[in-house]
Amino acid sequence: MRPAGAMRLVRFRGPGGAEPRLGLEEAAGGSLVDLSAAEPALPRSMRAFLESGQGGLALARRALESGRHRLPRGTARLLAPIGDPEKVICVGLNYRDHCLEQDVKIPKEPIIFSKFPSAIIGPFDDIIHPEESSEVDWEVELAAVIGKKGKHIEESAALDHVVGFTVANDVSARDWQMKRNGRQWLLGKTFDTFCPLGPALVTKDAVADVHNLGIRCSVNGRLMQDSSTSQLIFRLPKLIAWVSRFVTLVPGDILLTGTPPGVGVFRKPPVFLKRGDEVRCEIEELGAICNKVV
């Protein structure tokens, strides 16, 4: 039984590679509802759709409940749920067990960095292994999506500003993150294709407890990361309150919340991605993304 208001929002291309459209998954991995056909007046950008607020979400719920404008999953190509955010905000060292694997102290404040939106790709698109790096690594992450504008947001009201969640892979070139560019993280984090997202934007009504979800990553079928969002050091209310002290959060902004242990760089010996590898990132209740490295 789907909780009232719960939705799995997607962006997709239909047969023939037409312009991106908005849709909904009837269930995880299930058939799609063509929201752009059901409600032609709605924008086809997820960011613009989220800017329409509760009115847009109400129209999406109406389309989901109508039983019309269904599309077989196999005829559509899923895109990143949000392709044009204003900001992609990331958090480093935010899992207790990830800090332990590096033998570093638990941070006293959130460590914030960013990726350029141009790094975003879809849930099943290829990750391009750049010629400039020999140390490309994986990081499964819970991503929160902002649905309501705010600055200096109180922790007690922070989740009111979140519309939902999706799965992210914070692909990272460790040589550029940890050795080059003055050890400033940006370049190593924001190569093209280094931010796979999806498969859906799952509204918060559909998630029982976002701070108690299994989170996993496998490479070529081998389990590499296996933890729980209960290990987050700074939970979403704290992160949203903290980040909004510095920048105004707007609908469509994406907040990657950190990765658990098991990344390649801290294995003994280190393991890095190579062309031909397949990376699967999965979070309980949200779904899975799977990207081939080319």
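Quick caveat: nothing in here was measured; it's all calculated off a predicted structure.
- Here Glu109 pairs with Trp242 under the side-chain contact (heavy atoms from CB on, under 4.5 Å) rule; sequence neighbours left out.
- When all heavy atoms are compared, the tightest approach of Arg8 to Pro199 is NH2-CG, 4.3 Å.
- Think of Leu186 as one node in a network of Ile, Leu, Val, Met, Phe, Trp and Tyr side chains linked at under 4.5 Å; its network also takes in Phe116.
- Looking at heavy atoms from C-beta onward, Leu142 lies in side-chain contact with Leu286 at the 4.5 angstrom threshold.
- Shown here for Asn291 and Pro123, the closest heavy-atom pair between the two residues is ND2-O, 3.4 Å.
- The backbone N or O of Arg68 lies less than 3.5 Å from a partner atom in the side chain of Arg70, making a donor-acceptor pair.
- Summarising the geometry of Ser227 relative to Tyr95, their closest heavy-atom pair is OG-CD2, 4.3 Å, with the distance given to 0.1 Å.
- For CD of Glu284, the number of neighbouring non-hydrogen atoms (other residues, nucleotides, ligands) closer than 6.0 Å is greater than 12.
- For the salt bridge (Lys or Arg N to Asp or Glu O under 4.0 Å) test, residues two or more places apart in sequence or in another chain that qualify with Arg62 are Glu39.
- In summary, Lys148 and Asp160 do not engage in a salt bridge, as defined by a charged side-chain N under 4.0 Å from a carboxylate O.
- A 4.5 Å side-chain heavy-atom check between Val293 and Val171 finds every atom pair outside the cut-off.
- In this structure Lys189 satisfies the salt bridge (Lys or Arg N to Asp or Glu O under 4.0 Å) test together with Glu139, Asp170, sequence neighbours excluded.
- Asn169 has its side chain within reach of Ile127: a pair of non-hydrogen atoms, C-beta onward, lies under 4.5 Å apart.
- Linking ILVMFWY side-chain heavy atoms closer than 4.5 Å, directly or via other members, places Val243 and Ile111 in two distinct hydrophobic clusters.
- Residue pairs satisfying the side-chain hydrogen bond (donor to acceptor under 3.5 Å, both in side chains) criterion with at least one member in residues 247-265, sequence neighbours excluded, are listed as follows: Lys87-Asp253, Gln225-Thr259.
- Take Arg73 and apply the salt bridge (Lys or Arg N to Asp or Glu O under 4.0 Å) test, not counting sequence neighbours, and it matches Glu25.
- One hydrophobic cluster holds both Val210 and Phe234 under the rule that ILVMFWY side chains link at heavy-atom gaps under 4.5 Å.
- Counting all heavy atoms, side chain and backbone alike, Leu223 lies closest to Arg267 at O-NH2, 4.4 Å.
- Atom OG of residue Ser114 and atom CD1 of residue Ile254 lie 12.5 Å apart, to the nearest 0.5 angstrom.
- Thr193 is not listed as a side-chain neighbour of Asp126, based on a closest heavy-atom distance of 4.5 Å or more.
- Note that SG of Cys281 and CE of Met224 are 11.5 Å apart. Values are rounded to the nearest 0.5 Å.
- Its side chain within the 4.5 Å cluster rule, Val10 clusters with Phe12, Leu32, Leu71, Leu78, Phe124 among the Ile, Leu, Val, Met, Phe, Trp and Tyr residues.
- For Ala173, the side-chain contact (heavy atoms from CB on, under 4.5 Å) criterion is met by Ser133, Asp175, Trp176, Phe191, Phe194, not counting sequence neighbours.
- Distance check: Cys90 SG to Leu239 CG gives 11.5 Å after rounding to the nearest 0.5 Å.
- Taking a 6.0 Å sphere around NZ of Lys292, one finds it holds 12 or fewer heavy atoms contributed by other residues, nucleotides or ligands.
- Using a 4.5 Å heavy-atom cutoff, the side chains of Pro260 and Val140 are in contact.
- Asp192 places no side-chain N or O within donor-acceptor distance of the main-chain N or O of Ala119, the cut-off being under 3.5 Å.
- Atom CG of Leu64 is separated from atom CD of Glu26 by 7.0 Å, given to the nearest 0.5 angstrom.
- Other cluster members for Val294: Ile128, joined by side-chain heavy-atom distances under 4.5 Å among Ile, Leu, Val, Met, Phe, Trp and Tyr.
- Glu285 pairs by the side-chain contact (heavy atoms from CB on, under 4.5 Å) definition with Val207, Ala208, Leu213, not counting sequence neighbours.
- Across all non-hydrogen atoms, the minimal contact from Ile89 to Leu249 is CD1-CD2, 3.7 Å.
- Using a 4.5 Å cut-off on side-chain heavy atoms (C-beta onward), Ile215 and Gln231 make no contact.
- Considering all non-hydrogen atoms of both residues, Arg11 and Ala80 come closest at NH1-O, 2.6 Å.
- For the atom pair OG1 of Thr166 and CG of Leu256, the computed distance is 9.5 Å after rounding to the nearest 0.5 Å.
- Residues passing the side-chain contact (heavy atoms from CB on, under 4.5 Å) test with Ser218, sequence neighbours excluded: Arg280.
- The structure places CD of Glu155 at 10.0 Å from CG of Leu159, a figure rounded to the nearest 0.5 Å.
- Among residues two or more places apart in sequence or in another chain, the salt bridge (Lys or Arg N to Asp or Glu O under 4.0 Å) test is passed with Lys238 by none.
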